[in-house]
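Data block below; observations after.
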Number of protein chains: 2
Amino acid sequence: MPRIVTIRTVAERAGCSIATVSRVINRSAPTSAEVEARVRAAIDELGFRPSEIGRALKTLKTRTLGVLIPSLTNPVFAASVAGMQAAARERRHTLLLTATDYDPAAEAELVETLVAQNVAGLVLTVACAENNATLDLLEAESIPFVLVHNEPDTDARAAVCVDNAAATCALTEAMIAAGHRNIAYLAGRFATSDRSLRRYEGYRAAMETAGLDAVAPLELDYLGDAPSHAAALAGLFGGLSAPTAALCSNDLLALSVIGALRDLGIRVPDDVSVAGFDGIALGRAMSPSLATVDTPTRLMGERAVELLFEMIETGAAPRVERLPFSLRSGGTLAAASKRTRRQEPTPPTPPNP
Amino acid sequence: MPRIVTIRTVAERAGCSIATVSRVINRSAPTSAEVEARVRAAIDELGFRPSEIGRALKTLKTRTLGVLIPSLTNPVFAASVAGMQAAARERRHTLLLTATDYDPAAEAELVETLVAQNVAGLVLTVACAENNATLDLLEAESIPFVLVHNEPDTDARAAVCVDNAAATCALTEAMIAAGHRNIAYLAGRFATSDRSLRRYEGYRAAMETAGLDAVAPLELDYLGDAPSHAAALAGLFGGLSAPTAALCSNDLLALSVIGALRDLGIRVPDDVSVAGFDGIALGRAMSPSLATVDTPTRLMGERAVELLFEMIETGAAPRVERLPFSLRSGGTLAAASKRTRRQEPTPPTPPNP
DNA sequence: CTGTTAGCGCCTTCAA
DNA sequence: TTGAAGGCGCTAACAG
């Protein structure tokens, strides 16, 4: 029989009214020292904790933030949620966590679930922040929300992110500086990540500035099994005019690509250089270490929650906050000249027979 | 002005009473087809979603599960939370997520927060499942909960875990079979992980069975910076009678140890073999790949939630569910004989001058 | 300074 | 098959 201790129980025990108990709990009005002492004693003895439900029903406000992300299995999102959790706890709030598993169609339903719980606000990473009916709905109902990782094209939407295009541009320039001329761009499905698309823009800009051909992106399903990657990559890296480097739209994809290349007998970085995006911790631990764009993932989560509170409490206007990034050099990105030593890799099972 | 649409609004629009609307929503009693149609139309037009708060206050039950873990940054917990989330969603529940950041003192407070939200039940990973006042409290208030990763010594407590001792025992045997005789056990602080302690038991059992000396565990703070590890490890691996292998109580610690050893000029596995525990994905991606115990982390999260629902709905008695594990061989664990080729590593800055 | 009271949104008897 | 009414735990007016 849980929670039979209500504010009324406490009032009886302390010999006062429930209003007084409430006042003691919330310090919402002055109370005599004597009564307060009795109330506090009663609370302790009974182990009473005010029900958030009752409170919420009255005030129509909960101490809960809704969170929507693609997946917890991606360390990027795990890290930012960790940041959110820390920031929320600072404000005595808790997170209501949901994940779409990269299914954009799930977004609407999950957000509705969160809204039905009367969350004070939302922090979300959606597949695409533009023309997003779910976000429009939140706006219409004036439920405050902040995007993380997404980089909206309008400043009218609150977001915490990095300048994806600039970062990828810088990374591409580093690859060009290392002597690479033929650089492939490998992406997760654009439909599930607008970041991926923005990053492609940065790559293209850098290539064009250098007078090089920006290749059309190869979209890979990075949740797919390695074999499917291997087939696609065998085609791309099979010929003599194969790229000497691959820029992947995120770190997880980069890891998967490196594994697939290894299975194909293509060495990284001796045959092909690989770089990622995000800066997950594991990229540092592996060897060769992963060249990537270092992104303050955890901080992004913290800032998102802080920005959200600002909007909730002071009604601050939404704004986009772009956090600094940095290039992380790594063993997977080598000078292109090295590749001249490459013996033609045994081309295993070309994609079409 | 969010959520001004209440059940009353719908009733007015549909020209019936709120009771009828409630009945249509919950199918809790038969309603005429005609009225039902009108109600559904009104609901759609108004975009009405019943407030979970109102519902919860009435029934004293929410569709929310409380989750407490040490940290989301550890992929082990991220994976199991991902499993919980999936299983919870299946039952139309959401997760209220909290993390202690490995501070056992935070457990009580966070659990209270969750309980105050009237969660239907809890899934938690605590520092130590024995003599835990917080768990006793939950039991006393008969709030259903399931432990994950923790392996309680009594069957009276619900838990989903692996047989930590057996697993570590098997891993130790594999190391012995590889020719290692002097095997160190490196652990995170026992105070923050009873798993770590159980795993040590397994190690000791295997060593004793083989007639070898089980060394006292070296407790490392694996949240600490690498330098602190280096100092401790320099002492352990400095001498001539240094261990040829190190068994780490978890994968994250193993990664950290490998990095520290590398900084000390000690090669893995040429000079020292290293193995971990958990089977995080990144262990596969790195090279040499991490030898470890493969643990069905995500599944553990799923099973924990399913077991929790069983307890909530059918009042099933708590039970311990031990999931299967498997040894994962990896490049960090090599035959001991190899080590004979080891040149004495440059002993960098011994711990005491 | 303290008590009484009216709801917040919903579900659920009890009548009709 | 439907409506009226009470109450879940709490906060906030309003009295006193």
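A, B, ... follow the sequence lines: proteins, then strands. Residue 1 opens every chain.
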Under 4.0 Å: is that the gap between some side-chain N or O of A/Ser17 and OP1 or OP2 of C/dT2?
no
Please give, in whole Å, the distance from D/dC10 C1' to A/Asn118 CG?
15 Å
Given D/dT1, C/dT2, D/dG9, identify the nucleotide with an atom nearest to the side chain of B/Ser32.
D/dT1
Nearest whole Å is fine: how far is D/dT11 C1' from A/Arg27 CZ?
17 Å
Any side-chain N or O of A/Ser22 under 4.0 Å from OP1/OP2 of D/dC10?
no
Touch check for A/Leu57, heavy atoms < 4.0 angstrom, all strands: base, sugar-phosphate only, or nothing?
base
Over how many whole Å does the gap from B/Asn26 atom CG to C/dG9 atom C1' extend?
12 Å
Return the value, rounded to whole Å, for the distance between atom CG of A/Leu60 and atom C1' of D/dG9.
14 Å
d(CD1, B/Ile7; P, D/dG6) in whole Å:
18 Å
Of all the nucleotides listed (C/dG9, D/dT2, D/dA4), which has the minimum atom distance to the side chain of B/Val35?
D/dT2
C/dC11 OP1/OP2 closer than 4.0 Å to side-chain N/O of B/Arg55:
yes
B/Arg40 and B/Glu36: CA distance, side-chain angles, deciding distance, salt bridge (Lys or Arg N to Asp or Glu O under 4.0 Å) verdict
CA-CA 6 Å; B/Arg40 295 215 180 279; B/Glu36 172 167 349; 3.2 Å; yes
Give B/Ile18 one of three labels, base, sugar-phosphate or nothing, depending on what nucleic acid heavy atoms sit under 4.0 Å from its own.
base
Have A/Arg157 and A/Asn132 got a donor and an acceptor in their side chains that come within less than 3.5 Å?
no
Using whole Å, what does the distance between atom P of nucleotide C/dC14 and atom CZ of B/Arg23 come to?
14 Å
Hydrogens and angles aside, do A/His93 and A/Thr64 bring a side-chain donor and acceptor to less than 3.5 Å of each other?
no
Taking C/dC11, C/dA6, C/dT4 as options, the one with an atom nearest any side-chain atom of A/Lys58 is C/dA6
Assign each of A/Thr59 and B/Gly54 the nucleotide of DNA chain D bearing its closest heavy atom; nearer the 5' end lies the nucleotide of B/Gly54
Rounded off to whole Å, could you give me the NZ-to-P distance for the A/Lys61 and C/dG9 pair?
13 Å
Contacts of B/Arg319 meeting side-chain contact (heavy atoms from CB on, under 4.5 Å) (sequence neighbours excluded), chain-then-number -> B/Arg303, B/Leu307, B/Glu310, B/Glu321
Will you find, in the side chains of B/Thr62 and B/Gln117, an N or O donor that is under 3.5 Å from an N or O acceptor?
no
Measure from CD on B/Glu12 to P on C/dC10 and round the result to the nearest Å.
13 Å
Determine: side-chain N/O of A/Thr20 to OP1/OP2 of C/dG3, distance under 4.0 Å, yes or no.
yes
